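Note that these values count all heavy atoms, side chains included, but never hydrogens, waters or copies made by symmetry. Remember, it's a predicted structure, so these values are computed and weren't measured experimentally.
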Amino acid sequence: VATRAIRYSGASAARPTAGAAHALQSAERIIIAPSNPVLSIEPILAIPGIRDILIARRDVVTAISPFVGGSALKGPADRLMNELGYGATNVGVANYYAPFTSTLVIDEVDQDDVPAVEALGVAVRVTTTVMADVTHADQLVRTVLS
């Protein structure tokens, strides 16, 4: 069955803790992990106040795309992003995150996506995002922090 919408039950009644809000408001850098935007990241953004903090701090927010070569490495992110109309691509992720993310890290196999992502007003960093070994993990961390 195709997904047409997702509701995050209880999110509107949730509140960030003072510590979480302070951490987001004062962090030198905020990194969004390469998780499913719809099922893992959006429930956090649905908590009142979180999205607004990220929008206000957009210049220090970096996201890592969960897609490599047009597919999610695991889970239903690609299917959900397609069914909800965003597209299972780095461009789809950039469009989804653009209001609160200034930089998107994409895998080197997706180098051709750079112009389209940048056209959305999101800077791009290209590296290996598949942490197959310690060297790749180190390279990803260095790219995210640069």
Side-chain angles (χ1 to χ4, degrees), residues 2-8 11 14 16-146:
T3 304
R4 292 180 291 169
I6 295 179
R7 185 182 63 162
Y8 307 100
T17 65
H22 175 73
L24 290 172
Q25 291 165 338
S26 62
E28 184 176 320
R29 172 110 16 163
I30 299 168
I31 300 166
I32 299 175
S35 294
N36 184 324
V38 177
L39 296 181
S40 298
I41 306 303
E42 189 62 35
I44 298 166
L45 299 172
I47 298 170
I50 298 294
R51 186 181 303 268
D52 292 337
I53 293 170
L54 295 181
I55 289 170
R57 310 247 14 251
R58 183 180 186 271
D59 59 324
V60 299
V61 180
T62 297
I64 305 166
S65 177
F67 297 117
V68 177
S71 297
L73 293 179
K74 67 177 195 171
D78 46 2
R79 180 180 61 81
L80 289 170
M81 290 289 282
N82 277 330
E83 290 175 355
L84 295 172
Y86 296 102
T89 65
N90 294 307
V91 176
V93 172
N95 191 42
Y96 195 89
Y97 288 163
F100 52 84
T101 302
S102 62
T103 304
L104 183 67
V105 178
I106 66 172
D107 195 87
E108 55 200 3
V109 303
D110 296 315
Q111 175 74 39
D112 291 346
D113 291 346
V114 171
V117 171
E118 288 179 338
L120 295 170
V122 178
V124 182
R125 300 291 177 266
V126 178
T127 190
T128 182
T129 60
V130 180
M131 294 180 279
D133 58 38
V134 174
T135 303
H136 289 158
D138 183 64
Q139 185 176 348
L140 177 58
V141 169
R142 290 179 189 279
T143 299
V144 168
L145 296 177
S146 68

Enquirer: Would a 4.5 Å heavy-atom cut-off, applied to side chains only, mark Ile106 and Val93 as touching?
Expert: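 No, every pair of side-chain atoms sits at 4.5 Å or beyond.
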Enquirer: Treating Arg79 as the side-chain partner and Ala88 as the backbone partner, does any N or O pair qualify as donor plus acceptor under 3.5 Å?
Expert: no
Enquirer: Looking at Ala11 and Ala46, what are the two nearest heavy atoms and their distance?
Expert: CB-CB, 3.6 Å
Enquirer: If you compare all heavy atoms of Ile55 against all heavy atoms of Pro99, which two are closest, and at what distance to 0.1 Å?
Expert: CG1-O, 3.6 Å
Enquirer: Between atom CG of Leu145 and atom CZ of Arg125, what is the distance when rounded to the nearest 0.5 Å?
Expert: 12.0 Å
Enquirer: What's the separation between atom OG1 in Thr101 and atom CD1 in Ile64, rounded to the nearest 0.5 Å?
Expert: 11.0 Å
Enquirer: So, taking the atom named CG in Leu104 and the one named CG in Leu120, what distance separates them when rounded to the nearest 0.5 Å?
Expert: 10.0 Å
Enquirer: Among Leu140, Val141, Val144, exactly one meets side-chain contact (heavy atoms from CB on, under 4.5 Å) together with Thr127. Which residue is that?
Expert: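 Checked Leu140, Val141, Val144 against Thr127; only one passes side-chain contact (heavy atoms from CB on, under 4.5 Å): Leu140.
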Enquirer: Check salt bridge (charged side-chain N to carboxylate O under 4.0 Å, His left out) between Arg7 and all other residues, then give those that pass, not counting sequence neighbours.
Expert: none
Enquirer: Considering all heavy atoms of both residues, which atom of Pro37 and which atom of Ala77 are nearest to each other, and what is their separation?
Expert: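 In this case the closest contact between Pro37 and Ala77 is CD-CB, 4.4 Å.
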Enquirer: Of all heavy-atom pairs between Asn82 and Gly87, which one has the smallest distance, and what is that distance?
Expert: OD1-CA, 3.4 Å
Enquirer: If we only count heavy atoms from C-beta on, is the Thr143 to Thr128 side-chain gap below 4.5 Å?
Expert: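 No - every pair of side-chain heavy atoms lies 4.5 Å or more apart.
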Enquirer: What's the shortest heavy-atom distance between Val109 and Gly69, and which atoms?
Expert: CG2-N, 3.8 Å
Enquirer: Please check if the side chain of Ser35 supplies one atom and the backbone of Ile41 the other of a donor-acceptor pair under 3.5 Å.
Expert: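 Not a single qualifying donor-acceptor pair exists.
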Enquirer: So Leu24 and Arg57, do their side chains get closer than 4.5 Å, heavy atoms only?
Expert: no
Enquirer: Would you compute the distance between atom CG of Leu45 and atom CG of Asp52 and round it to the nearest 0.5 angstrom?
Expert: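 Between atom CG of Leu45 and atom CG of Asp52 there are 10.5 Å.
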Enquirer: Between atom OG1 of Thr62 and atom CZ of Arg29, what is the distance when rounded to the nearest 0.5 Å?
Expert: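 So the OG1 of Thr62 and the CZ of Arg29 are separated by 5.0 Å.
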Enquirer: Is any side-chain heavy atom of Asp133 closer than 4.5 Å to a side-chain heavy atom of Gln139?
Expert: no
Enquirer: Check Phe67 against Asp110 and note the closest heavy-atom contact, atom names and distance.
Expert: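 Looking at all heavy atoms of both residues, the closest pair is O-OD2, 3.6 Å.
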Enquirer: Between Val61 and Tyr97, is any pair of side-chain heavy atoms under 4.5 Å apart?
Expert: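 No - every pair of side-chain heavy atoms lies 4.5 Å or more apart.
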Enquirer: Could you check Val130 against His136 for side chain to side chain contact (heavy atoms under 4.5 Å, CB included), going step by step and ending with a plain yes or no?
Expert: CA-CA 7 Å; Val130 180; His136 289 158; 5.9 Å; no
Enquirer: Going by atom types alone, do Glu83 and Thr3 pair a side-chain donor with an acceptor below 3.5 Å?
Expert: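 Per modelled atom types, Glu83 and Thr3 side chains form a pair under 3.5 Å.
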Enquirer: As a test of understanding, state which of Asp107, Thr129, Val68, Asp78 forms a side-chain contact (heavy atoms from CB on, under 4.5 Å) with Leu73.
Expert: Val68
Enquirer: Is any side-chain heavy atom of Ile30 closer than 4.5 Å to a side-chain heavy atom of Phe100?
Expert: no
